[in-house]
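Read through the structure below, which is laid out as structure tokens, and then see the notes.
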Amino acid sequence: MDAFYASVELLRYPQLRGRPLVIGGSRAATATAAPGASLPQAPAGLRRLRDYAGRGVVTTATYEARGFGVHSAMGLMRAAQLCPDALLLPADFERYRDYSQRFKQVIARYAPQIEDRGIDEVYVDLSAAPGGQEQGGRSLARTIQAAIHEATGLTCSIGVAPNKLIAKMASEFHKPNGIAVVFESDLAAKIWPLACRKIHGIGPKAAARLEQLGIRTVGELARCERDWLQQQFGSRHGEWMYEAAWGWDDRPVVTHSEPVSLSRETTFDRDLHAVYDRSQLRALFTTLCERVARDLQRDGYLARTIGVKLRYDNFQRVTRDHTIAVPTNDAAIIRRTAAQCLRRAPLERRLRLLGVKASGLVPIAAPRPAPADALEPAELPLFEPLSAQ
DNA sequence: TCTGGGGTCCTTTTCCTT
DNA sequence: TCTGAAGGAAAAGGACCC
């Protein structure tokens, strides 16, 4: 199978190129125009990072801002220290979602087998796409890239390779707006010199552990004995690392998947205490439960398991789950069950985050149209109390 | 100076039943 | 009635990703 990985540069603002720009999380959305900012084409509501006070993290940053050490997931207050003159642009996820849809629709015109990987990324099975084999996939990649730009104005980086693992890595080679084709025979030259962290699935923890063991590059990882890696990282993880280093990956492009869980969580503006801020917490908790219920109803699922997540002021996290006999999407039942979970969690410390989660999702069967004679209006119980169901 | 929100998957621990 | 082993399900936590 030849795979193709496309990631669109959703969060780029050509009119701001050359300026340090930080795009912040939802909490940055109260921006006001910065005094002295000379940005005739800039979106309204821009201000300097130094004028920002509050919680939130950097969603993304331009290369100019990165030059100051600012990067994704960094706290905005920390970013403000490093680069106080950077402009802060509130994130607009509604708009990104709209562009995301358009980007995926364009690809679907050329390749029917698409795996959704979030708001700005997809995998495509090239073997199922007409013309996908020409020039090792480069020609189709070029066509799709141009079509995306025409339809959305966005640039897009594409990696083409024998499998998803390598395609993902290849897509990073010529960012932004690049195309990279990697063949199996390119492994040693193009993949092995990369840092292990570039493998999708090796995060900060695994990378640090590898570094401790003196393994920095994918090539060094490939030279390790499989058994030894399994001893160090466990049989499954070690095996996977070994295979990844050799560019082995037989995962198919998955075009459809059911959600496993659905959750809502919120970080408070200030840390709250279960006793002293009881009424505020209670209201937030109810809202979260109602939002989970609404999400379940909107997406057509019932949940078998309800859980809560707490993050304390010291950033420690705990979760508590409870599985119920009858799956539900009812806000009151979700709240009651989540409250039960909450009672089992330590509540002495102040809280910075509260979340409610529904898992063990069961799709609601599509209602079958009832036969005409079953719809005798006179026999339908009107105003049946909901609790009687 | 602290570190969002929404997910997935995996491992380990705990609990229940036989 | 108690004890221990075994196995499965549920719960809890960790790592990772976008």
Side-chain angles (χ1 to χ4, degrees), chain A residues 5 7-11 23-29 49-50 52-60 69-84 90-91 93 96-97 100 115-123 164 168 171 197-209 233-241 244 251 254 257-271 288 291-292 295 299 304-325 340-341 344-346 352-361:
Chain A
Y5 180 88
S7 118
V8 71
E9 278 99 25
L10 263 182
L11 303 178
I23 298 182
S26 53
R27 273 159 203 289
L49 206 43
R50 69 152 64 92
Y52 178 79
R55 289 183 164 162
V57 295
V58 173
T59 304
T60 190
V70 174
H71 57 79
S72 302
M74 173 182 280
L76 283 172
M77 299 307 282
R78 170 81 180 126
Q81 276 194 327
L82 294 171
C83 187
F93 283 97
Y96 305 152
R97 268 192 288 275
S100 170
E115 176 175 334
D116 207 318
R117 295 300 302 178
I119 197 159
D120 59 352
E121 307 191 10
V122 295
Y123 286 111
K164 296 203 290 190
K168 164 83 177 162
S171 76
R197 186 72 176 79
K198 294 286 177 189
I199 294 176
H200 188 73
I202 294 187
K205 299 281 180 182
R209 176 100 182 83
F233 292 93
S235 73
R236 251 178 113 134
H237 200 204
E239 168 105 6
W240 171 81
M241 272 186 184
R251 293 168 305 159
V254 178
S257 64
E258 291 285 341
V260 173
S261 68
L262 191 157
S263 65
R264 290 286 182 168
E265 62 188 53
T266 185
T267 297
F268 314 132
D269 293 329
R270 61 175 181 90
D271 299 338
L288 289 170
R291 289 177 72 183
V292 167
D295 292 346
D299 297 346
R304 286 177 53 239
T305 303
I306 302 298
V308 296
K309 168 172 155 186
L310 306 177
R311 180 169 282 155
Y312 299 101
D313 53 2
N314 62 358
F315 232 71
Q316 297 272 53
R317 191 196 70 177
V318 299
T319 59
R320 293 293 180 267
D321 281 2
H322 183 70
T323 297
I324 49 180
Q340 258 176 281
C341 296
R344 282 159 36 217
R352 74 175 281 129
L353 172 145
L354 179 61
V356 175
K357 173 173 165 176
S359 56
L361 302 187

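Naming convention: chains lettered A, B, ... in sequence-line order (proteins, then strands); numbering from 1 in each chain. Quick note: numbers below take in every heavy atom, side chains included, and nothing from hydrogens, waters or symmetry partners.
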query: Hey, which of these two, A:Asn314 or A:Lys357, hits DNA chain B nearer its 5' end, going by closest nucleotide?
result: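 It is A:Asn314, whose closest nucleotide lies nearer the 5' terminus.
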Taking atom [atom2] of [N] as reference, at what distance in whole Å does atom [atom1] of [X] sit?
| X | N | atom1 | atom2 | answer |
| --- | --- | --- | --- | --- |
| A:Asp120 | B:dG5 | CG | C1' | 15 Å |
| A:Leu82 | B:dT1 | CG | P | 11 Å |
| A:His200 | B:dT8 | NE2 | C1' | 10 Å |
| A:Arg117 | C:dC17 | CZ | P | 11 Å |
| A:Phe268 | B:dG4 | CZ | P | 12 Å |
| A:Tyr123 | C:dC17 | OH | C1' | 10 Å |
| A:Leu361 | B:dG7 | CG | P | 9 Å |
| A:Lys309 | B:dG4 | NZ | P | 10 Å |

Do the side-chain N or O atoms of [X] get closer than 4.0 angstrom to the phosphate oxygens (OP1, OP2) of [N]?
| X | N | answer |
| --- | --- | --- |
| A:Ser263 | B:dG5 | no |
| A:Lys168 | C:dC18 | yes |
| A:Thr267 | B:dG5 | yes |
| A:Arg311 | B:dT3 | no |

Pairs under 3.5 angstrom only: tabulate donor-acceptor contacts from the side chains of residues 305-316 of chain A to other protein residues two or more places apart or in another chain.
unit_1   : atom_1 : unit_2   : atom_2 : d
A:Thr305 : OG1    : A:Thr323 : OG1    : 2.9
A:Lys309 : NZ     : A:Glu265 : OE1    : 3.1
A:Tyr312 : OH     : A:Pro346 : O      : 2.5
A:Asp313 : OD1    : A:Arg349 : NE     : 2.7
A:Asp313 : OD1    : A:Arg349 : NH2    : 3.1
A:Asn314 : OD1    : A:Gln316 : N      : 3.0

query: Under 4.0 angstrom, heavy atoms only, what part of the nucleic acid is A:Ala206 near: base, sugar-phosphate, or nothing?
result: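 Touches sugar-phosphate only.
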message: Just to be sure I understand the rule, does A:Ile199 reach a base, reach only the sugar-phosphate, or reach nothing, if contact means heavy atoms closer than 4.0 Å?
response: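 Sugar-phosphate, backbone atoms only, no base.
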message: Can a donor-acceptor pair be found, under 3.5 Å and without considering hydrogens, that links the side chain of A:Arg320 to the backbone of A:Arg344?
response: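 Confirmed, A:Arg320 side chain pairs with A:Arg344 backbone.
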Per-nucleotide protein contact string for nucleotides 7-13 of chain C, where B marks a base within reach and S marks sugar-phosphate only (heavy atoms under 4.0 Å, - for neither): ---SSSS
B/S/- contact track for nucleotides 10-18 of chain B, protein heavy atom under 4.0 Å: SS-------
query: Which residues pass the side-chain contact (heavy atoms from CB on, under 4.5 Å) test with A:Arg209, sequence neighbours left out?
result: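 With neighbours one apart ignored, the set is A:Gln212, A:Leu213, A:Gln232, A:Phe233.
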task: Mind checking side-chain contact (heavy atoms from CB on, under 4.5 Å) for A:Pro259 and listing every partner two or more places apart, or none if nothing turns up?
output: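 Result, side-chain contact (heavy atoms from CB on, under 4.5 Å) vs A:Pro259: A:Tyr301, A:Leu361.
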field: Syn/anti label of C:dC2 as read from its glycosidic torsion, with the cut at 90° from 0
entry: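 C:dC2: anti glycosidic orientation.
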query: How would DNA chain B look in dot-bracket form, 5' to 3', counting Watson-Crick and G-U wobble pairs with both distances under 3.5 Å and writing | for bases paired to another strand?
result: ....||||||||||||||
